[in-house]
Amino acid sequence: MTPVHFAFSSAFMLGLTGLAFHRTHLLSALLCLEGMMLSLFIALSLWTLQLDSTNFSASPMLLLAFSACEASAGLALLVATARTHGTDRLQNLNLLQC
């Protein structure tokens with residue numbers, strides 16, 4: 001495994017462990033998801049450049065578009081949660097009260 005592959009794999013795993021173990025606020029969970037998506041985007045872009053293939057050239061842009069949609073939906077949920085519950089702590093959110 002090259003150092004570049006190790007760096008992106010460790011960045012993805014760091015975001016995944018942050019998402020799994022540090023779930024106190026919704027904002028921190030969204031930032032971990034964004035870090036994971038950014039590491040996937042950079043790794044996919046470098047993989048496309050290494051292969052010199054035009055077949056996969058649109059896939060990093062497609063991933064980036066989905067990442068932007070995910071970020072906007074997450075921020076909308078964060079704003080709605082902060083307005084209704086007054087906080088973004090995940091322990092205070094109970095789906096049965098809706």
Q. Stepwise, does the side-chain contact (heavy atoms from CB on, under 4.5 Å) test hold for L90 with T24?
A. CA-CA 6 Å; L90 292 176; T24 56; over 6 Å; no

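- If you take CH2 on W47 and CZ on F8, they are separated by 15.0 Å, rounding to the nearest 0.5 Å.
- Between atom CG of residue L14 and atom CG of residue L19 there is a gap of 11.5 Å, rounded to the nearest 0.5 Å.
- Taken from NE2 in H5 to OG1 in T2, the straight-line distance is 4.5 Å, to the nearest 0.5 Å.
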For a quick test of your reading: what N or O donor-acceptor pairs under 3.5 Å do the side chains of residues 63-81 make, sequence neighbours left out?
| from | atom 1 | to | atom 2 | distance (Å) |
| --- | --- | --- | --- | --- |
| S72 | OG | A68 | O | 3.4 |
| S72 | OG | C69 | O | 2.9 |
| T81 | OG1 | L77 | O | 2.7 |

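- For the pair P60 and S57, the tightest heavy-atom approach, listed with the atom from each and the gap, is CD-O, 3.5 Å.
- Residues satisfying the side-chain contact (heavy atoms from CB on, under 4.5 Å) test with S10, not counting sequence neighbours, are none.
- A search for side-chain contact (heavy atoms from CB on, under 4.5 Å) contacts involving F12 returns M36, S39, L40, not counting sequence neighbours.
- The structure places NE2 of H25 at 11.5 Å from CG of L31, a figure rounded to the nearest 0.5 Å.
- Once rounded to the nearest 0.5 Å, the distance linking CG of L33 with OG of S28 reads 10.0 Å.
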